[in-house]
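So you know, we letter chains A, B, ... as the sequences are listed, proteins then strands, and number each from 1. Note that these values count all heavy atoms, side chains included, but never hydrogens, waters or copies made by symmetry.
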Number of protein chains: 2
Amino acid sequence: MSGTHTDVPSVLAHELPRPVPADEFAACPVGEVFRRVGDKWSMLLVILLGGRPHRYNELHRAVEGISQRMLTRTLRTLESDGLVHRRVHPTVPPSVEYSLTPLGRSLLEPVSALADWAVRHEAEINASRARYADAPFGRPDAPVSDPAVR
Amino acid sequence: MSGTHTDVPSVLAHELPRPVPADEFAACPVGEVFRRVGDKWSMLLVILLGGRPHRYNELHRAVEGISQRMLTRTLRTLESDGLVHRRVHPTVPPSVEYSLTPLGRSLLEPVSALADWAVRHEAEINASRARYADAPFGRPDAPVSDPAVR
DNA sequence: CCGTATCCGATTTGATACTG
DNA sequence: CAGTATCAAATCGGATACGG
């Protein structure tokens with residue numbers, strides 16, 4: 001957790017009443033959270049659970065593409081971070097309900113803003129990518145095979 | 001990229017004048033963007049460039065921990081997505097200036113909101129993690145015990 | 001100064017099969 | 001229904017060396 005951090009301009013300062021010190025802002029917590037947010041399924045699940053609680057298989061069907069392994073793993077991580085609550089009903093067969101904690105709900109807002117941005121600018125991004133992929137120029141070097149760029 | 005999508009509740013609907021159709025919202029663009037946001041360096045660079053344009057080695061020194069490979073790769077991806085502009089001054093020795101495009105600047109806002117959330121709730125997350133790691137119970141399997149406790 | 005090429009270990013993810 | 005176990009594949013990321 002500790003260790004390296006970087007010199008970061010006060011991007012957030014514009015409306016922080018008690019502005020976060022740049023040093024505190026640095027890579028550590030932000031990087032952590034961005035990586036959690038950035039993994040393939042976490043925020044999708046948070047958004048889903050933001051709508052209403054879901055049962056395990058409900059999530060599995062809703063996401064449709066996620067493996068059981070990843071669904072379970074992601075939910076566990078979210079739970080350990082205090083974003084998701086797991087409630088087991090001791091019925092038979094068992095049923096488990098996942099829901100957002102208050103902390104999870106608070107995350108929903110910034111995440112929704114980002115999701116909103118993604119939706120609004122999807123086309124621009126794709127256009128830019130296509131343009132970049134096409135252009136033999138526009139990139140520093142070669143038209144010859146280069147598998148390194150995705 | 002087109003294929004699978006998920007059933008998503010209208011989390012964002014609360015203030016979307018022309019609400020994004022749930023189908024459009026789905027996993028595809030959001031997942032893409034979240035993964036970009038979540039990779040180790042992208043958003044750090046976006047935030048850095050949000051402060052002011054930087055030259056290559058300036059970034060390299062500022063981030064301090066990133067390898068040349070990853071710096072270049074990340075910048076290229078950002079460029080291909082249309083978030084970052086790369087300007088080459090044909091001097092000798094060469095100098096290259098990276099800056100945010102308008103699209104990149106627009107991303108800065110939701111990202112800052114998320115970064116802000118991260119800073120504000122870091123402690124809660126860590127506390128929750130520690131609690132979860134400690135507890136022999138609180139986790140589904142656990143050694144030997146009653147699974148039906150809250 | 002601004003990169004690229006190559007190698008290699010670490011981490012993440014998916015497919016599949018099995019269980020209380 | 002709600003998971004766990006195991007294996008293999010893809011991807012990520014860093015170190016190092018070299019090039020225009």
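- Listed nucleotides: dA2(D), dC2(C), dG14(D). Nearest to the side chain of Val96(B): dC2(C).
- Of the candidate nucleotides dC2(C), dC1(D), dT4(D), dC2(C) has the atom nearest to the side chain of Tyr56(B).
- Ranked by how close their nearest DNA chain D nucleotide is to the 5' end, Glu97(A) and Arg35(B) are led by Glu97(A).
- Using a 4.5 Å heavy-atom threshold, the side chains of Leu71(A) and Trp41(A) count as separate.
- Look at CG on Leu59(B): it is 10 Å from P on dG3(C), rounded to the nearest Å.
- For Arg76(A), whose side chain is taken as the heavy atoms from C-beta onward, the closest listed nucleotide among dA2(D), dG14(D), dT4(D) is dT4(D).
- Comment: Arg52(A) does not engage Glu58(A) in a salt bridge, judged by the lack of any side-chain N to carboxylate O separation of less than 4.0 angstrom.
- Across the protein-nucleic acid pair, Arg86(A) atom CZ and dA2(D) atom C1' stand 8 Å apart, rounded to whole Å.
- We find that CD of Glu79(A) is positioned 15 Å from P of dA2(D), with the value rounded to whole Å.
- The main-chain N or O of Ser95(B) is never found under 3.5 Å from a side-chain atom of Arg55(B) such that the two would form a donor-acceptor pair.
- If you find the closest nucleotide of DNA chain D to Arg55(A) and to Lys40(B), the one lying nearer the 5' end belongs to Arg55(A).
- Side-chain N or O atoms of Ser128(A) include none that pairs as donor or acceptor with a backbone N or O of Ile125(A) at under 3.5 Å.
- Distance from the side chain of Arg69(B) is smallest to dT6(C) among dT4(D), dA2(D), dT6(C).
- Taking atom NE2 on His54(B) and atom P on dC2(C), their separation rounds to 13 Å, with Å as the unit.
- Summarising the geometry, the separation between CD1 on Ile66(A) and P on dA2(D) is reported as 15 Å, rounded to the nearest angstrom.
- The Tyr98(A) side chain lies nearest to dG3(D) when the options are dT13(C), dG3(C), dG3(D).
- Regarding His89(A), its NE2 atom lies at a distance of 14 Å from the C1' atom of dC1(D), rounded to whole Å.
- Closest to the Met70(A) side chain, of the nucleotides dG3(C), dT13(C), dC2(C), is dT13(C).
- Here the C1' atom of nucleotide dG14(C) and the NE2 atom of His60(A) are 11 Å apart, to the nearest Å.
- Comparing Pro94(A) and Arg73(A), the nucleotide of DNA chain C nearest to each residue sits closer to the 5' end for Arg73(A).
- When each of Thr74(A), Asp81(A), Leu75(A) is checked for a side-chain contact (heavy atoms from CB on, under 4.5 Å) with Thr77(A), only Asp81(A) meets the rule.
- A straight line from CG of Leu75(A) to P of dT4(D) spans 10 Å, rounded to a whole angstrom.
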